[in-house]
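Positions are given from 1, in the same order as the sequence printed here.
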Amino acid sequence: MKEKVITPEKAQKLKIKREKEIKKWEKQQSRPKGKFYIPYLIFIISLIYLTDEVASQIGPLMKTEIANGLLASYGESSVGVLDFLSMIAIPFQILAIFYKPLSDKFGRKKFLVINTLGLGTAMLIVFLSDNIPLYVIGTCIIQFFVPHDMQVVYIMESVPGKHRARIYFAIKSFATMGIMLVPVLRRVLMEDMSQWRVVFLVPAVIGLVTSLVALLFARETDAFIESRLRFLKMTQEEREEEKKTNAQKNAQGGIVNALKFVWAHKQLRWLYVVAGLTNLGYIITMYYQVIISYGYAGHYGEITDEILNTVSLNEVTNALFFFPIGSAVMQFFVGIFGDWLGRKKAAIIMSVLCVLSFLGFSLGPKFGLPTVITGLLSGACIGSYWGAGDLNALMVSESAPTNLRSSILSTLYFGMGAGIAFSYVVGIPLVTLLGNAAIGTICFFFIVPGFIAALIVMMKKTHDTTGVDLNTVTGDEWE
């Protein structure tokens, strides 16, 4: 390969640019935080996480109403058809994988603000949508920004290591409780299923305001500043030598560098396999509200549009009030178990709880289970499902060096995407073929095999990462 030649003039320009960037980061590093900065940061991150959680959950929480509202004029109401339309967003999810690594080079704060602004704007577009194309545009924007999860990287790099899981899942519990905003808005603003759009307005405004607050008052993470300065202060000779010996270990982000690093480290390779197996059950995150709707509708006998409308405004809305509570409680215990028992044991507990709570909320409504219990169990199911996945992502984060952490977390979606793709490619046709009432049975046969295989791989092939120092971890510790 022909060696790249840098002229003296270009070298001088690069030097000036590098020195300018060094001064910028050193200035930020020297800024005093104040003794209340961490509590303040946790508050801001909590609001951002709330926006992210609502944006990701509001679609599934409103799926029956959206399907009936958007597709009724076409003589259709299958949520499977709606999800076929939503598959248009898949290229945007793939594009997001290449977008996230930019934060390893340009900083976390920029993307924290941009992502929150994007989610707020997307929900505003859905609120304004009166046709399928505009709804799909809003959905595509949401699916582009939701996977980025920059607030997660912020938490990981800003809180004490020994309390990392507790603080992270406490924040996520708060954000999950924010999902209660959706059933509250359903109760206050919806008089009929056709008014589903208005539910998107309030969380849209929250996202737009929170992005402005983050822009004005949040600061860059110390871990990123230290990593970036270390890279910038290397001489050209040192940088070239590193490229020859172990380029990806000192690279400042990038999909290719991240994938090379993952491939070279068996701990990360197996964690990616776990992500793929866990996400075979992703289908449950798409259809839990539909399962509740058709469960209660089936309790009254033959399922008709009139019965669906009645249970939507009554039993379903009542159950969804308690969904965030069940999910938040589960997220809270994920943090406690994750720091106390370790990441791996906590993942086993969450997986078992996910399956048990799924059986409860999917079968219970058919036998008249109280809406309070149904809501709590559905929340516990989804909360424990994401809790198991988050523990895996936490282990990935704690197994990656700072200069590649965001990029590696981004490429984790290649592993997750394999499981999610299976859910889409196999699950959605089954839902469309067998009908909405069969979704509960379909979901069961996706969740259980995936979790069993994932837990076997995690227990036999990976090492626990509890207590790892994110500022010094190299990724070689488990080789």
Novice: To the nearest 0.5 Å, what is the distance between CE on Met150 and CD1 on Ile45?
Specialist: 10.0 Å

Novice: Heavy-atom distance under 4.5 Å between the side chains of Phe337 and Lys345, does that happen here?
Specialist: no

Novice: If you round to the nearest 0.5 Å, how far is CG of Leu268 from OG of Ser397?
Specialist: 10.0 Å

Novice: If you take all heavy atoms of Ser173 and Ala328, which pair is closest and at what distance?
Specialist: OG-O, 3.0 Å

Novice: Do Trp196 and Val126 have side-chain heavy atoms sitting under 4.5 Å apart?
Specialist: yes

Novice: Where is the tightest heavy-atom contact between Ser357 and Ala380, given as atom of each residue plus distance?
Specialist: OG-C, 3.7 Å

Novice: Is there a donor-acceptor contact under 3.5 Å linking the side chains of Asn392 and Arg343?
Specialist: no

Novice: Any donor-acceptor pair under 3.5 Å linking the side chain of Glu53 with the backbone of Thr176?
Specialist: no

Novice: Under 4.5 Å between any side-chain heavy atoms of Val396 and Arg405, yes or no?
Specialist: no

Novice: I'd like to know if the side chain of Lys461 and the backbone of Arg269 have a donor-acceptor N/O pair within less than 3.5 Å.
Specialist: no

Novice: Counting only heavy atoms from other residues, nucleotides and ligands, does the tally under 6.0 Å from OH of Tyr424 exceed 12?
Specialist: yes

Novice: Has Arg197 got a side-chain atom pairing as donor or acceptor with Ser129's backbone, closer than 3.5 angstrom?
Specialist: yes

Novice: Yes or no on side-chain contact (heavy atoms from CB on, under 4.5 Å) for Val153 and Ser103, after CA distance, side-chain angles and deciding distance?
Specialist: CA-CA 10 Å; Val153 179; Ser103 66; over 6 Å; no

Novice: I'd like to know if the side chain of Thr285 and the backbone of Tyr282 have a donor-acceptor N/O pair within less than 3.5 Å.
Specialist: yes

Novice: What distance separates Ile283 CD1 from Ile428 CD1, expressed to the nearest 0.5 Å?
Specialist: 7.5 Å

Novice: Under 4.5 Å between any side-chain heavy atoms of Phe323 and Pro183, yes or no?
Specialist: no

Novice: Which atoms form the tightest heavy-atom contact between Ile292 and Phe361, and what is the distance?
Specialist: CG1-CD1, 3.9 Å

Novice: Hey, is the main chain of Leu280 close enough, under 3.5 Å, to the side chain of Ser423 for a donor-acceptor pair?
Specialist: yes

Novice: So, for Pro203 and Val54, which heavy atoms are closest and what is the spacing to 0.1 Å?
Specialist: CB-CG1, 3.5 Å

Novice: Quick one: does Asp390's side chain get under 4.5 Å of Leu394's, heavy atoms only?
Specialist: no

Novice: Does Tyr385 reach the side chain of Ile447, with side-chain heavy atoms less than 4.5 Å apart?
Specialist: no

Novice: Above 12 or not: heavy atoms from other molecules or residues under 6.0 Å from OH of Tyr40?
Specialist: yes

Novice: What pair of heavy atoms forms the shortest contact from Ser46 to Ile171, and how long is it?
Specialist: OG-CG2, 3.6 Å

Novice: Is there a donor-acceptor pair closer than 3.5 Å between any side-chain N or O of Tyr296 and the backbone N or O of Leu369?
Specialist: yes

Novice: With a 3.5 Å cut-off and no angle check, do the side chains of Tyr272 and Thr411 form a donor-acceptor pair?
Specialist: yes

Novice: For Glu477 and His463: C-alpha separation, side-chain torsions, deciding distance, then whether side-chain contact (heavy atoms from CB on, under 4.5 Å) applies.
Specialist: CA-CA 10 Å; Glu477 290 82 353; His463 299 268; over 6 Å; no

Novice: Trp386 vs Gln57, test: side-chain contact (heavy atoms from CB on, under 4.5 Å). Steps then yes/no.
Specialist: CA-CA 12 Å; Trp386 286 122; Gln57 294 297 323; 3.7 Å; yes

Novice: Nearest 0.5 angstrom please: Leu320 CG to Ser293 OG, how far?
Specialist: 7.5 Å

Novice: What is the ring orientation for Phe261 with His265, classed by angle as parallel under 30°, tilted 30 to 60°, or perpendicular over 60°?
Specialist: parallel

Novice: With a sphere of 6.0 Å drawn around CZ of Phe445, does it hold more than 12 non-hydrogen atoms of other residues, nucleotides or ligands?
Specialist: no

Novice: Is the count of non-hydrogen atoms from other residues, nucleotides or ligands lying under 6.0 Å from Phe333 atom CZ greater than 12?
Specialist: no

Novice: Does the side chain of Ile382 reach to within under 4.5 Å of the side chain of Ser378, using non-hydrogen atoms?
Specialist: no

Novice: Please set out all donor-acceptor pairs under 3.5 angstrom arising from side-chain atoms of residues 116-124, sequence neighbours excluded.
Specialist:
residue, atom, partner, partner atom, Å
Thr116, OG1, Leu112, O, 2.8
Thr121, OG1, Leu117, O, 2.8

Novice: Tell me if a side-chain donor or acceptor on Tyr287 pairs with a main-chain N or O of Gly440 at a distance below 3.5 Å.
Specialist: no

Novice: Should the ring pair Phe145 and Tyr99 be called parallel, tilted or perpendicular, given that the plane angle runs from 0 to 90° and is split at 30 and 60?
Specialist: perpendicular

Novice: Is there a side-chain contact (heavy atoms from CB on, under 4.5 Å) between Tyr288 and Cys381 once you walk through the steps?
Specialist: CA-CA 9 Å; Tyr288 58 88; Cys381 175; over 6 Å; no

Novice: Is the shortest side-chain heavy-atom distance between Ile206 and Leu181 below 4.5 Å?
Specialist: yes

Novice: Is it the case that more than 12 heavy atoms not belonging to Phe446 sit under 6.0 Å from its CZ atom?
Specialist: yes

Novice: Closest heavy-atom contact between Pro365 and Gly360?
Specialist: CD-O, 4.3 Å

Novice: Drop me the distance from Ser327's OG to Phe322's CZ, to the nearest 0.5 angstrom.
Specialist: 15.0 Å

Novice: Measuring from Asn257:CG to Ser407:OG, what's the distance to the nearest 0.5 Å?
Specialist: 7.5 Å

Novice: Do Gln267 and Glu398 meet the criterion of a side-chain donor-acceptor pair at a distance under 3.5 Å?
Specialist: no

